[in-house]
Chemist: 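Below: one structure in C-alpha cells.
Convention: sequence-line order gives letters A, B, ...; per-chain numbering from 1.
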Number of protein chains: 2
Amino acid sequence: MAKALVLTPRADDFPRWYQELINKAELADNGPVRGTMVIRPYGYGLWERMQQELDARIKAAGASNAYFPLFIPQSYLTKEAEHVEGFAPELAVVTHGGGKELEEPVVVRPTSETIINASFSKWVQSYRDLPLLINQWANVVRWEMRPRVFLRTTEFLWQEGHTAHATCEEARDYAAHIHRNVYADFMVNVLGIDVVLGRKTPSERFAGAVNTLTLEAMTGDGKALQMGTSHELGQNFARAFNTRYLSRDGTQELVWQTSWGSSTRMVGGLIMAHGDDDGLRVPPRLAPVQAVVLAVKDDQAVLAKVREIGDRLTAAGVRVQVDDRTDTPFGRRAVDWELKGVPVRIEIGPRDLEKGTALLARRIPGGKEPVALDSLAALVPEVLEADQTLLLQQSREWRTSRTSEVAGVGDAVEVAAAGGWARIPWAALGEAGEAELAAQGVTVRCLVTEDGAVPEADDAPGTVAIVARAY
Amino acid sequence: MAKALVLTPRADDFPRWYQELINKAELADNGPVRGTMVIRPYGYGLWERMQQELDARIKAAGASNAYFPLFIPQSYLTKEAEHVEGFAPELAVVTHGGGKELEEPVVVRPTSETIINASFSKWVQSYRDLPLLINQWANVVRWEMRPRVFLRTTEFLWQEGHTAHATCEEARDYAAHIHRNVYADFMVNVLGIDVVLGRKTPSERFAGAVNTLTLEAMTGDGKALQMGTSHELGQNFARAFNTRYLSRDGTQELVWQTSWGSSTRMVGGLIMAHGDDDGLRVPPRLAPVQAVVLAVKDDQAVLAKVREIGDRLTAAGVRVQVDDRTDTPFGRRAVDWELKGVPVRIEIGPRDLEKGTALLARRIPGGKEPVALDSLAALVPEVLEADQTLLLQQSREWRTSRTSEVAGVGDAVEVAAAGGWARIPWAALGEAGEAELAAQGVTVRCLVTEDGAVPEADDAPGTVAIVARAY
C-alpha cells in the first residue's frame with residue numbers, strides 16, 4: 001500500500017517541504033513581528049541538546065561563559081570601520097526607554113565584538129591575563145529582509161566566543177582549534193553532517209575579521225549552508241578599543257583576537273541535511289528523544305509493558321519517551337514521531353505481547369521488524385550507534401555524488417543550478433570570477449587545499465574554490 | 001594579627017560592601033548603557049549552577065522549555081489593561097529596524113505573558129492539549145531608574161514559566177507546586193537560604209495576576225529581598241487573547257493560567273544573605289568550585305601533589321579547581337578565593353608535604369586546620385555537606401533573631417528601621433495600614449498563616465503580615 005503523502009516531496013518544492021516539515025513536526029512558528037520565530041518545545045529540545053554538546057566542547061577548549069548586555073551604545077559600533085559598515089543596514093535601534101526619548105539611541109546587539117572589547121580593555125592588564133577565553137550564549141538581532149525560519153531570522157539564538165591572545169600565532173591556532181575541535185567535531189560526530197572545512201574569500205569574510213574559517217553543509221537539494229564560522233580578528237578591534245597588555249618585556253602591546261559563532265541556524269541545517277519526504281531524521285547522539293515506545297492499543301497489559309520497556313531502556317542509558325496516548329489514533333501518532341525524526345520507534349500491541357515481541361522501526365534506514373521484547377535493552381543502543389554512523393555515511397555519499405570538478409565559471413554555474421557543488425581552481429577563478437558567479441546567484445562557499453585541508457592563506461598554491469548556491 | 005580589611009565592613013555601609021564585593025570577587029561590572037550589567041565568568045558560573053538546579057526541578061514539574069521572541073508588538077501589551085498599566089513606564093521601544101522607521105514600534109519584552117498567549121491561543125484546541133506547561137530561559141528589559149547590580153538592572157536574565165489548565169483548581173495547585181517544590185526546594189536546599197513563603201497583598205501583586213505567591217529572603221542588614229514569584233493569572237490573559245479549549249462536554253471554555261519567574265536577582269540575594277566582611281560564602285551544593293587546591297610555593301613536589309589531590313577530589317565527585325599560579329603571591333590568591341566564597345581551600349606548601357598534611361580552610365564556619373593528605377578525598381565531601389547544613393542553620397537563626405511580633409504600624413516601622421522584620425496581624429493592619437507603612441518606605445512583604453503556611457485567601461482569619469524595608 002502506498003503511503004499517504006504527509007509533506008510536499010522534496011523534489012517538487014524543497015523550500016515548501018522545509019516549511020511544512022517545521023510546521024508539522026512542531027519545531028517552530030513565525031512570531032508576530034516579521035522575521036521573528038517561536039521555537040516550540042520539540043525544536044527547542046533539539047537546540048538544548050546542541051547547546052549541551054557544544055558547551056562541553058567549548059569548556060574543554062578552555063573558554064568560560066559570561067554575559068554581556070543586549071544594548072550597545074550606537075557609538076561603539078562605529079569604532080571599527082568595516083564592522084559598522086557590515087552591520088549598519090541590519091540594526092534594530094531603541095530610541096525610547098522608561099517613557100522618555102533616549103539621549104543616545106542604543107542598538108540591539110547584532111554581535112558583541114564591540115561591547116566585549118570595551119570590557120576586555122579593562123580586564124586585560126598584563127600578559128598574565130592572557131589568553132582571555134570567553135563565550136556567551138545569547139540572542140542577537142539582525143533585521144532580516146528575506147526571513148526563513150531557523151536559517152535567517154531577525155532574532156536568533158547563538159553562542160559567540162571572543163578571545164584575546166598575546167601573539168598572532170596563538171590567536172590563529174585558537175581560531176583553528178575552535179573550527180576543528182569544537183565545531184567540526186560536533187557537526188560531524190554529533191549532527192552526523194559531513195561538513196567541509198574551509199576558508200572564506202576576502203569578500204565573504206566577517207566584517208572586521210582578517211580571516212574567516214567556515215563549515216559548509218550540503219542540503220538535500222544540493223545547495224550549501226554555512227553552519228558556523230571562526231574568525232581571526234587580528235588587532236582590528238584591539239586598536240579600536242585600545243585593548244593592550246604589558247608584555248614580559250615591559251612594553252605595551254595590542255592583543256590579538258578571535259571570535260566564533262554558531263546558532264539556531266544549525267537546526268535548519270539539520271533539517272535540510274537529513275530530512276526526507278516523511279519528515280526529519282534526527283541523529284541518535286543529538287536526539288532529545290532517541291526512542292519512543294508506543295502502546296498500539298488501550299490495553300492494560302500493553303500499557304504496563306510499554307512503561308516497563310521505557311524504564312528498561314532508560315536504565316540502559318537511552319533517552320526514551322513512552323507514548324501511551326491511546327485516545328489519539330495509533331497511525332496518527334506513528335506519523336507524528338516519523339515527522340519528528342525520532343531514531344527508533346518501538347510499537348507494542350496485544351498480538352505482539354502474546355508473541356513476546358515488539359515491532360522495531362528505524363527512522364534512519366527505514367523499515368520495521370519484529371524483535372524479542374527481552375532483547376530491546378541490549379539491541380536499541382546498538383541500533384542507535386549503527387544509525388548514527390549510517391547517517392554520516394549517507395551525508396558523505398550525498399555530498400560526494402553531487403560535487404563536480406569544473407574548469408570555468410560557466411560550468412560552475414551549471415553545476416550549481418542543477419543542485420550541486422563545483423570545485424574549481426581558485427587561481428583560475430579569482431575575485432573577478434567570484435564576482436561573475438555572484439551575478440548569477442552562485443557564491444564561493446570556501447577555499448580548500450587540493451587534499452581537502454584548510455589553506456594557510458588566500459593565495460596558497462593549489463587552492464580550490466567550492467562554489468554553490470546557498471541558503 | 002588582625003586581618004587587613006578587604007571590604008568596607010557590612011555594619012558600616014551595607015550597600016557599599018555589596019558593591020565592593022561584586023567588584024573584587026569579579027562577579028559583575030556595570031555595562032555602558034545605564035542600568036545594564038556585564039556578568040563576569042565567576043558570577044556567570046553561579047548563575048549557570050542556579051540554572052542547572054532550577055531547570056532540573058522545572059522539568060520534573062512537567063514543563064518543557066521553548067523560546068518566544070524578544071520583540072513584542074506594542075498592541076499586544078495593551079490587551080490586558082492592568083498588565084500594560086504596570087509595565088508601560090518601564091518599556092524599551094524599538095522604533096527603527098533595518099535602516100527604516102517601523103510602521104508599528106515594537107517593545108523589548110519586559111515579560112512574555114502577552115506574546116506567549118498569542119501562541120497558546122493557537123496551540124490549545126481541546127482538553128487533550130491541557131495542561132500546557134512551558135518554560136523559557138531568556139533576557140528581559142525593564143527600564144530601571146535606580147539600578148543596582150543583580151538586584152535591579154535594566155536587562156536581566158531569568159526563567160519564566162507559563163501554563164494553561166482546564167480548571168481554576170488545577171492552575172492554583174500548579175502555581176503552588178512551583179512555589180514550594182521548585183522555588184522553595186531550590187532556595188532552601190541548594191542556596192541554603194531560609195526563605196519565607198507567603199502570599200502578596202493585592203497592592204503588591206503582579207500586573208494582571210489574581211494571586212501572587214512569593215519567597216522572601218532576609219539580607220545581612222535585616223531587610224527583605226523577593227527571590228521569586230509564582231502567579232495565578234485566573235482567566236485574565238485567556239480573555240484578552242481568547243485562549244479557549246473544547247471541553248469533554250463539547251463546550252468552548254477559557255483556560256486558567258499561571259506564570260512564575262526567578263532571575264539573576266538571586267545572585268544578589270545569595271550575596272546579601274550569605275556574604276560576610278571577608279566576601280561571599282557560596283553554599284557547597286551551588287558552588288561551581290567547591291574546593292580549591294592551592295600550591296603555596298613554586299616547588300616541583302608541591303605542584304605535583306596539588307595536581308594529584310585535585311584529581312583525587314574530582315574522582316570523589318567534588319568540583320575542584322587547582323590553583324598553581326605561583327607567580328601571584330600566595331596571600332593574594334588566598335584572599336581572592338575567600339572573596340569568591342569557595343567553601344573549601346586546601347593549602348599545600350613544602351613543610352606541609354614533609355608532614356604529609358595540608359591546611360584545610362573552611363569558608364563557611366571560618367578557621368583552618370592541618371589534615372592528613374590521605375584523608376582529604378573522604379573528608380572534603382563530608383565537610384561540604386556539613387557546611388551546607390550550617391549555612392542554612394545560620395540563615396534561619398539570623399532571620400528568627402531579627403523578626404519581632406508587633407501590634408501597630410509605629411512599632412513595625414521601628415523594627416524595620418533597626419534592620420529587622422516585623423510580624424503584625426493583617427486584620428489589624430489592612431490596606432490602610434499598608435499605605436501608612438509605604439509612606440515610610442516599609443512594605444508588606446507577604447502574608448502568612450499563624451503557623452507559617454501560605455494563606456488560602458487575603459482575608460483568611462489569623463493571617464499575619466510580614467513587613468520590612470526591602471531591596
Side-chain angles (χ1 to χ4, degrees), chain A residues 26 29 31-33 35-45 47-48 64-73 76 88-100 102 104-106 108 115-116 118-119 122-123 128 134 136 138-139 141-145 154-155 157 264 325 327-328, chain B residues 26 29 31-33 35-45 47-48 64-73 76 88-100 102 104-106 108 115-116 118-119 122-123 128 134 136 138-139 141-145 154-155 157 264 325 327-328:
Chain A
E26 300 185 338
D29 290 345
V33 172
T36 63
M37 65 176 162
V38 173
I39 309 179
R40 300 188 67 169
Y42 188 64
Y44 198 82
W47 175 239
E48 276 186 307
S64 301
N65 288 336
Y67 188 78
F68 295 82
L70 174 71
F71 290 155
I72 302 181
Y76 278 37
E90 302 179 358
L91 298 178
V93 184
V94 176
T95 53
H96 291 71
K100 289 190 190 151
L102 302 179
E104 185 190 352
V106 301
V108 182
I115 199 161
I116 287 181
S119 282
K122 284 185 282 184
W123 298 347
R128 282 192 197 88
I134 298 289
Q136 95 169 345
N139 53 345
V141 169
R142 299 176 187 179
W143 214 265
E144 189 54 67
M145 296 303 154
T154 289
E155 179 192 10
L157 305 182
T264 38
R325 299 169 299 154
D327 55 351
T328 302
Chain B
E26 300 184 339
D29 291 345
V33 173
T36 63
M37 65 175 162
V38 174
I39 309 179
R40 301 187 66 171
Y42 189 64
Y44 198 83
W47 175 241
E48 275 186 308
S64 300
N65 288 335
Y67 188 78
F68 296 81
L70 175 70
F71 291 155
I72 303 181
Y76 278 37
E90 302 178 359
L91 298 177
V93 184
V94 176
T95 54
H96 291 72
K100 288 191 191 152
L102 303 179
E104 184 191 354
V106 300
V108 183
I115 199 161
I116 287 181
S119 283
K122 284 185 280 183
W123 297 348
R128 282 192 197 85
I134 297 288
Q136 94 169 344
N139 54 345
V141 169
R142 299 175 186 178
W143 214 265
E144 189 55 65
M145 295 304 154
T154 289
E155 179 192 10
L157 305 182
T264 38
R325 299 168 301 155
D327 56 353
T328 302

Chemist: If I measure from the heavy atoms of chain B, does A:Leu70 come under 4.5 Å with its side chain, its backbone, both, or neither?
Modeler: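 For A:Leu70, the contact with chain B is made by backbone and side chain together.
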
Chemist: Of the non-hydrogen atoms in B:Arg40 and A:Ala66, which two are nearest, and what is the gap between them?
Modeler: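 What the structure gives for the nearest pair is C-CB, 4.3 Å.
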
Chemist: Please classify the contact between A:Pro69 and chain B as side chain, backbone, both or neither, with a heavy-atom cut-off of under 4.5 Å.
Modeler: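 Both parts, backbone and side chain.
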
Chemist: With only heavy atoms counted, which part of A:Glu48 is less than 4.5 Å from chain B, the side chain, the backbone, both or neither?
Modeler: side chain

Chemist: Considering only heavy atoms, which portion of A:Tyr42 lies under 4.5 Å from any heavy atom of chain B: side chain, backbone, both, or neither?
Modeler: neither

Chemist: Side-chain contact test, heavy atoms from C-beta onward, threshold under 4.5 Å: evaluate it for B:Trp123 versus A:Val38 and give yes or no.
Modeler: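 Yes. Closest side-chain heavy atoms under 4.5 Å.
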
Chemist: Under the side chain to side chain contact (heavy atoms under 4.5 Å, CB included) rule, what do A:Asn139 and B:Asn139 come out as? Steps first, then yes or no, please.
Modeler: CA-CA 8 Å; A:Asn139 53 345; B:Asn139 54 345; 3.0 Å; yes

Chemist: For the CG atom of A:Leu102 and the OG1 atom of B:Thr95, what is their distance to the nearest 0.5 Å?
Modeler: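 It is 9.0 Å, given to the nearest 0.5 Å.
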
Chemist: Which atoms of A:Ser119 come close to chain B, meaning under 4.5 Å heavy atom to heavy atom: side chain ones, backbone ones, both, or neither?
Modeler: side chain

Chemist: Could you tell me which of B:Glu90, B:Glu26, B:Met37 has the largest number of non-hydrogen atom pairs under 4.5 Å with chain A?
Modeler: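 Top count of heavy-atom pairs under 4.5 Å with chain A: B:Met37.
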
Chemist: Between OG1 of B:Thr36 and CZ of A:Phe68, what distance do you get to the nearest 0.5 Å?
Modeler: 11.5 Å

Chemist: Top residue by heavy-atom pair count (under 4.5 Å) with chain B, among A:Ile115, A:Asp327, A:Thr264, A:Ile134?
Modeler: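 Among A:Ile115, A:Asp327, A:Thr264, A:Ile134, the one with the most close pairs to chain B is A:Asp327.
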
Chemist: Tell me, side chain or backbone of B:Pro73 under 4.5 Å from chain A's heavy atoms, or both, or neither?
Modeler: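 Both parts, heavy atoms under 4.5 Å.
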
Chemist: With a 4.5 angstrom heavy-atom cut-off, could you sort out which part of A:Arg128 is near chain B: side chain, backbone, both or neither?
Modeler: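 Answer is side chain: those atoms of A:Arg128 sit under 4.5 Å from chain B.
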
Chemist: Can you find a side-chain donor-acceptor pair between A:Glu155 and B:Tyr67 that sits under 3.5 Å?
Modeler: yes

Chemist: Give, as side chain, backbone, both or neither, the part of A:Ile116 having an atom under 4.5 angstrom from any heavy atom of chain B.
Modeler: neither

Chemist: Shorter than 4.5 Å, heavy atoms on both sides: which option in A:Leu157, A:Ile72, A:Thr154, A:Val141 has the most such pairs with chain B?
Modeler: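 Ranked by contacts with chain B, first place is A:Leu157.
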
Chemist: Between the side chains of B:Trp47 and A:Asn65, does any donor sit under 3.5 Å from an acceptor?
Modeler: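 Side-chain D/A pair, B:Trp47 to A:Asn65: absent.
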
